[in-house]
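For this chain, numbers begin at 1 and follow the sequence in order.
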Amino acid sequence: NNKDEIINMLVEKIKSLPNGTEFTISQLVDKDDKDVIHIAIDTLKKLEENSITIKSKLSENSIVGLPQNIPYIKISS
């Protein structure tokens, strides 16, 4: 299905980023997709399943909007 293809593409894109690269999910996917919030959440889960380490740039007490807009830094893959 299209959503799974998008998630797999995002995981591969993030995996290929150099360590230390800052990104948001919305920078890497079509922001007009109505499923973007679910795609972001599922992508984060799949990154973890594939041992691709990312870290949020936000502090623990930050007030956050949508998960696709959270800034992350790729640590390792």
Side-chain angles (χ1 to χ4, degrees):
N1 107 12
N2 192 30
K3 186 176 156 196
D4 289 335
E5 287 174 22
I6 293 168
I7 292 165
N8 289 333
M9 178 269 306
L10 283 170
V11 168
E12 286 305 310
K13 266 190 187 178
I14 294 166
K15 185 177 180 178
S16 72
L17 292 173
N19 292 348
T21 301
E22 185 178 324
F23 67 94
T24 66
I25 300 291
S26 63
Q27 288 173 324
L28 305 175
V29 73
D30 179 4
K31 292 177 211 48
D32 296 330
D33 191 320
K34 64 185 181 344
D35 285 332
V36 74
I37 189 166
H38 303 292
I39 289 168
I41 292 166
D42 291 346
T43 298
L44 297 173
K45 287 180 191 169
K46 190 147 185 145
L47 288 170
E48 192 173 329
E49 288 168 12
N50 285 277
S51 301
I52 299 167
T53 308
I54 62 171
K55 181 179 171 217
S56 170
K57 284 198 62 185
L58 301 176
S59 69
E60 219 174 276
N61 300 321
S62 293
I63 296 171
V64 181
L66 300 168
Q68 65 267 27
N69 296 329
I70 298 171
Y72 289 98
I73 297 174
K74 180 180 171 221
I75 305 297
S76 66
S77 55

Please assess L28 against M9 for the test side chain to side chain contact (heavy atoms under 4.5 Å, CB included), listing each intermediate value before the final yes or no. CA-CA 9 Å; L28 305 175; M9 178 269 306; over 6 Å; no
Quick one: closest heavy-atom pair of [X] and [Y], and the distance?
X   : Y   : answer
N19 : S76 : OD1-CA, 3.5 Å
P67 : A40 : C-CB, 4.2 Å
I39 : K3  : CG1-CG, 3.8 Å

Between V11 and E49, does the side chain to side chain contact (heavy atoms under 4.5 Å, CB included) criterion hold? Intermediate values first, please. CA-CA 10 Å; V11 168; E49 288 168 12; over 6 Å; no
For the side chain to side chain contact (heavy atoms under 4.5 Å, CB included) test, which of T21, L44, T43 pairs with I14?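 Of the listed options, the one satisfying the test is T43.
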Are F23 and L10 linked, directly or through intermediate hydrophobic residues, by side-chain heavy-atom contacts shorter than 4.5 Å (ILVMFWY only)?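 Result: yes, single cluster for both.
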Hphob cluster co-occupancy, I25 + I73, side-chain heavy atoms under 4.5 angstrom: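 No, because I25 and I73 fall into different hydrophobic clusters, even though each may have its own neighbours under 4.5 Å.
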Under a 3.5 Å distance rule, please check whether K74 uses its side chain to pair with a backbone N or O of P18 as donor and acceptor.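 No: the side chain of K74 does not pair with the backbone of P18.
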Short side-chain donor-acceptor distance under 3.5 Å, N69 and T24: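 Checked: T24/N69 side chains show no N/O donor-acceptor pair below 3.5 Å.
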Mark yes when over 12 heavy atoms from residues, nucleotides or ligands other than E48 sit less than 6.0 Å from its CD; otherwise mark no.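 Atom CD in E48 is not packed in, count stays at 12 or less.
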Taking atom CG of D35 and atom CG of D42, what is their separation to the nearest 0.5 Å?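 That separation rounds to 9.5 Å.
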